[in-house]
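Per chain, numbering begins at 1; letters A, B, ... match sequence-line order.
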Amino acid sequence: MAQSVAVKTRDTENVSIEVPLERPSEWEPEILAFACHYCAFAAADLSGVMRLSYPYNVKIIRMPCTGKLDQSYVLRAFERGVDGAFVAG
Amino acid sequence: MNMNTPTNTQKRGSVLIVGGGIGGMQASLDLADSGFKVHIVQKESSIGGTMVMLDKTFPTGDCSMCMISPKMVEVARHPNIELHTLAQITSVDGVPGDFKVRVIQQPRFVNKDKCTGCGLCEEKCPKKTHSEFEQNLAVRKAIYSEFSQAVPNTRVIDRSICLYLTKGKCRICEKVCTANAIDFEDKGREYDLEVGAVILSPGLKRHNPWLHQELGYGRWENVVTSLQFERILSTSGPFSGEIKRPSDQKHPEKIAWLQCVGSRDPHNANPWCSSVCCMYATKQAVIAREHDSNIKPSIFYMDMRAFGKDFDKYVDRAKNEYNVAYRRSMISDVREDPETQSLIVRYTGDDGKLTYETFDMVVLSIGLEPHSDVHEFAKTFGIDLNNHGFAETSVFSPVSTSREGIYVTGTFQSPKDIPETVMQGSAVAGSAMSLLGEARGSEVVEPVLPPEKDIEGTDPRIGVIVCHCGINISQTVDVKKIAEDVKNLPGVAHSEDMMYACAQDSQAKIKKLIDEKNLNRLVVASCTPRTHAPLFQETIREAGLNKYLFELADIREQCSWCHMGENEAATKKAGDIVRMNIAKVNRLEPVTTDSVPVTPAALVIGGGIAGMTASLSLADQGFAVHLVEKDKALGGLLKQVRTTLEGAEVQDFLRTRIYDVEKHPKITVHTETVIEKSEGFVGNFNTSLSNGKQIEHGAVIVATGGEEYKPEEYYYGENRYVITQRDLELNLMEKGPEPGSSYVMIQCVGSRQEPVNYCSRICCQDAVKNAIAIKEKDPNIPVTIIYRDIRTYGLREDFYRKARDLGVLFIHYEPDRKPEVTPMGRGVSVTTYDYMMRRPVTFQADYLVLSTGLRPHPASEDIGRRFKLTRNADGFFLEAHVKLRPVDFPSEGFYVAGLAHAPKNIDETISQALSAAGRAGVLLSHDRLGVSGIISKHDRDLCMSCLACFRVCPFDSPFIDKDGKVSHNEVKCTGCGICSGICPAKAFQVNNFTDDQMIAMIDALTENIA
Amino acid sequence: MIVGKQKPLDEIWSMIKSHKNVLVLGCNTCVAVCHEGGNKEAEILSSLLRMRASQEESGIAVTNSGVERQCEHEFFDSVKDAIEAADAVLSTACGIGVQFIAEKFPTTVVYPGLNTTFLGAVEKIGVMKEKCQACGNCVLGETAGICPVARCAKRVLNGPCGGSTKGSCEINKEVDCAWQLIVNRLNALGQMDRYETLAPIKDWSTDRAGGPRKQIREEIQE
Amino acid sequence: MSQQRAVKTDSKLEKILAAGHLAVTSECGPPRGSDPDVITHKGNMLKEYVDVVNITDNQTSMTRMCSLAACIRLKQLGVEPVLQMVTRDRNRIALQSDILGAASFDITNVLCLSGDHQSFGDCPNGQNVHDLDSMQLIQTVRYMRDEGKFLGGDDIKRPPKMFVGAAANPFADPFEIRVPRLAKKIAAGVEFIQTQCIYNLDKFELWMKQVRDRGLHEKVYILAGLTPFKNAGMAKYMRSRVPGMDVPDDVVKRMSDTPKEKQAEEGLNICIESIERLKQIEGVHGFHIMAIEWEEKVPEIVKRAGLWPRPEVS
């Protein structure tokens, strides 16, 4: 199990957070993004139009709005091995 | 001039719009959406105008391109709009409702049907020149597109520098173009267009500061124009958003903005104020600091003209949060320090001494001025220009030119900001609709579509098309491999790769495939669904398939373009993206969209000038109007105003307007009436009034107007020598100025200080108008105006100069040192601190005139609550989008006009009223309101009425039905899906985004790792 | 409605980790309205448990299902074999549902996924407050519609006690003093004169104190 | 002084009050253990200077030796006790049986209280009873005494003869019902009242005026509660932490302005000055001096307030 360390934050006494394990060199994380059609998905398009480059292991699922996100999507993704997920809108 | 002149000729259902800037685009969309054919004639190779060159806009800081590019795509794709780029009008004949115009189109040398905008030609073209779009800070090729998101994005060849067209050599672009779209034989063409009305929106030219050698533009490299600085700020600009000095590419620390370059300068440039420079300078300073926090901006100005809605708050935030230094002094010249190429500026400091300050960069806030060929332009269209070269219009009909049937919008009418331009766009659309009312829909052809194939109960047979997009995708992603890999996935009946999926021939091929292979669903892997999904949806609809049985996998913008050089990983990722969309399309169901009837009538609340103007315009368009006024008579606040700044008689105009409204057959006036109860939704409102009447209507225009602030300061009410501008105007009109008396005026009484921190926009004009009236009657009556900023923006600047020429004294005061008033036997004495002489001065005034501001009308609070229309902190109604939807409310079917939205002048109120009528006209012109396909569907059997959706839906579409259970009003639904995210019983599913479809996509994406 | 709160995941895990095949069973009425134990929450909880199992390499199989209400026999028909196939059922219903399963499936181990908290109302989205204790002998008629039995910390029937300060109960500033509310209401209704009538000693025999209760409707009983 | 009233019990307190004297009562908390000497020690200290001594019943829900045992100890010392009973810990059976137990030792004064919520004490996880509330307990004691019957209706052999008292807090919210609530207690049968400790004398005078307006001061003996401050800290604690307590800022300031070593003396001065002022209020029939953990100061207070020696009643 990951160890945790106590950290004093601004408004709470020492909250324990997991210490991230150091990253094995050849490991390729699977990242999943839930993006709102109007803003984040459009921003992803714009970064392509401007030929900006970013790591390839993120894939984007288009949604009508981030409000549409259901916990079961994120949990389903994690259960099936996705390493990280973010929601952008 | 009456709004609706009867003409005998048959009317045409089409409109010509000259100029494709934001004003022209807004007018074209409003007209096209309400059944008129629109022709946009644009001189440059792409529409967009000035707004596309901007990085961000004030006061919200939204990025300009993100706001305007969806509009441009909508214009390009709209079936009723035809774009004529690289074209100009040479002659206009005919009568209002039936004009014949001659168009000359320059050759583009690129075939627009073949070119897919892949950009290969531009890459290979050897000939470079300065890019006008990037304000000469970057270079472009002979074959180019103006900017990366140009519409149409077909390339164009600049024949003045193309090596082949000038010297007969090269033709490289033709060789590399895989779509063989290059056509050097293109001669351009000349043709006629028959239209019912003409709208002029050519915009304005930026003043070229080269004229002012003393400011160093063109001599010192680090002196740039404000538009150049806008490109420097822009992430798609020459330095991709990194703020650098043109001379040594270093990050500047101290930047100075010099205001009024070419404006308010009658001797060697333009006498008028360009209205927008104070605000864009503030915005540029703020955005610069956001990019690079150690930038120290200073703005040198005469008057800080932040007169618009929330502008003062924006300037205060710039001062306090972004510590932009504002120096109230004009700079006469700029010198360069040769070693550092920094710039030295000289001005009088607060302590009165002459101070030299060095800046790394100087930005010249250049003003706006008419195009150089404006006179010839006016001659072509047969319209008059005013003495400054803008289109001649009157205060009371600000969008009609001197020639009937020809309208003007935007900066060509006078310098203005984006919201006013968009308002005038909708206003001219409204006016054209009034003129051509009965010809609506006559020139618009509805495409005939085959019946939809019933695919109920059939297994999915998916067609998969993987696009090369020339080399844009295939250079990074192995397109053939993907087409091969997905061939035998469940549900896939056919898969192949195509060079250009969006090209006309590919579209035809897809239709053939659907028939031959009996396909019932389609996946296209190419660019972004946001721009190209509608194109493919229309194609499969024409092949008899429900258009929602389609998904576009984005493997260009979101894969090949951003993983260049990592072909193996990019191919794998593209494969995942295509498989994800195939999994989703397997589960897509056909979506039927129903529609709701629209009652072709409008409810207008408030019988002031705004409400009356909107009512007349809507009635002329052919819609019934119910005008509700709470007082005994129509007229509102304008009843107390005698003349406009320009001297036009207000009461005569008001009387004719009231007469027109009361006699118009289509308008029912309800005076001494308020709203009792109102329910329903867009297109289907049902309102009961306090006079017992029950009315049905499809739209609501809120014009509840404003109220004059009754001052408590400066002994008003206690001392009869202390009056307001209104009182002064009245007794000037009746008795004229008292000989031997003296007047002192104080500005910003009750405005621009917490808790009322906004500018009421009209008080400076009132003061200057009255001061001129006094001086013209009796020049030796002393008149003194004590002010904070004189905000006579736009063409009103002439009157400020006229007042100074007539001897009116102007003295500046700061809010922390307000003028002190002490009542005397007769009149009052006013003491204020003079910043020029650096000591207090006292005036004996027989009359102290207070310029009081405007407040929102108390009735707006009740109307706001009743119709759930939000208001901002100052109590004015909040529009849907400050720049692009200035008259719409967020909820559909509601529009605002006049002082209820924000303080404004008479002509601006009339523009906004016409605009609201135009927007409402677009809605009411449809007899049925189509409901979009991508909406949330509610299953009442699963629903347990727990009200979670009822509480979170931003559009109030779930409601408690008569049987006490929750129902869902699909017309109000925008398909955001917040209800389905929170629903514990999973009773809500959004079409094409159902839970099982989303889960299927996640499963497909995680197949190789689960 | 009946309000419940999901037990902490660690507590649930320690309950079920020794089993091989666990069924998480949601109840789609009261505890779904408060977003704690509905079929959707059951699905989420089972997913979390599956991930916990994989983190601790335990071979436990976790499935999930749900019924409309776990306090009616017939609703269980649809999940009968799923329950029988599992060696333990984690019910996210209120206490009623958990015991109903224990009664109907004598050889199946059943665990509560929720702590049933109180009978309450939804003040606003996401905020539930206790309003009634089902004492079987309602006094709301005498107390202007505010119940001292459920909403006063010391069930004072002739309140308020000496600890009421600024409208809050002595035990916690967040808790309203029921008697302050009653006085306010009596004032609003203009019935302050009723305040001085002494509330008689209460008959608690109808309350839980009187033993587990049963209620029969003669005419519809089989 | 007020006129003579009929005496219904053998309670010394009732006799003194009926005779029109200013009664003085005090209070002591039983130990958090079984050592009887704590009671006898405090009893002896107070014996000469007060008429009766209250024994608190698990005050602030802190578990202590029961009030009944401590009362019996005092009785044996010759000090007349007041048995405090809270409805938090016992149901109606236990309350009636304890009353009989006390009566069997001729304990003749009882104070009926709801009691502080168990979350304040050392067993916050415990269940509370509240079968009756304080007013219903008053009714019960008067019913047992005057009707000689149990709540269930059966006759009591040798019914208890208790002088029934209750607490009252004129400073709790809502203020406008504090006098009606006293009227309600009188209707329930209460015969004497010991108020919450008084620091806000103006508010108390206002309360007393309203009491007099309804003539309640002739229907019940009112003893003004007082607690001297040991130091400024205690004053601040009472103001902020103790619910229903009204300690005006100027009193706290007076304490915190005095130097540390003199604060105890200043606390006593405030107490004495309050007593002098309370004496002038018509309807105040005596003083209930609660010197929490400072019982040794009661004699000095009683003497300096001119309330010594205590009157003798047969």
So which atom in [X] and which in [Y] form the shortest heavy-atom distance, rounded to 0.1 Å?
{"X": "A:Asp45", "Y": "B:Glu557", "answer": "O-CG, 3.4 Å"}
{"X": "B:Cys976", "Y": "A:Lys68", "answer": "O-CB, 3.6 Å"}
{"X": "A:Lys59", "Y": "B:Leu1005", "answer": "CD-CD2, 3.3 Å"}
{"X": "A:Leu52", "Y": "B:Cys562", "answer": "O-CB, 3.0 Å"}
{"X": "B:Glu551", "Y": "A:Arg62", "answer": "OE2-NH2, 2.8 Å"}
{"X": "B:Phe993", "Y": "A:Tyr73", "answer": "O-OH, 4.3 Å"}

Once you round to the nearest 0.5 Å, how far does [atom1] of [X] lie from [atom2] of [Y]?
{"X": "B:Ile1002", "Y": "A:Glu79", "atom1": "CD1", "atom2": "CD", "value": "11.0 Å"}
{"X": "B:Gln558", "Y": "A:Ser47", "atom1": "CD", "atom2": "OG", "value": "7.5 Å"}
{"X": "A:Phe41", "Y": "B:Asp554", "atom1": "CZ", "atom2": "CG", "value": "4.5 Å"}
{"X": "B:Asp995", "Y": "A:Arg76", "atom1": "CG", "atom2": "CZ", "value": "11.5 Å"}

### Query
Non-hydrogen atoms of chain A under 4.5 Å away: do they reach the side chain of B:Asn992, the backbone, both or neither?
neither
### Task
Please flag which part of B:Glu566 lies under 4.5 Å from any non-hydrogen atom of chain A: side chain, backbone, both or neither.
side chain
Could you tell me which of [options] has the largest number of non-hydrogen atom pairs under 4.5 Å with chain A?
{"options": "B:Met998, B:Met564, B:Met580", "result": "B:Met998"}
{"options": "B:Cys983, B:Gly565, B:Pro954, B:Ala569", "result": "B:Ala569"}
{"options": "B:Val990, B:Asp1003, B:Thr528", "result": "B:Asp1003"}

### Message
Are B:Ser980 and A:Asp70 packed together at the side-chain level, in the sense that at least one heavy-atom pair is separated by less than 4.5 angstrom?
### Response
no
### Query
Heavy atoms under 4.5 Å from chain B: which residues of residues 28-36 of chain A carry them?
A:Glu30, A:Leu32, A:Phe34
### Query
Which residues in residues 570-577 of chain B have any heavy atom lying under 4.5 Å from a heavy atom of chain A?
B:Lys572, B:Lys573, B:Asp576
### Query
Can any side-chain N or O of B:His563 pair as donor or acceptor with the backbone N or O of A:Tyr54 at less than 3.5 Å?
yes
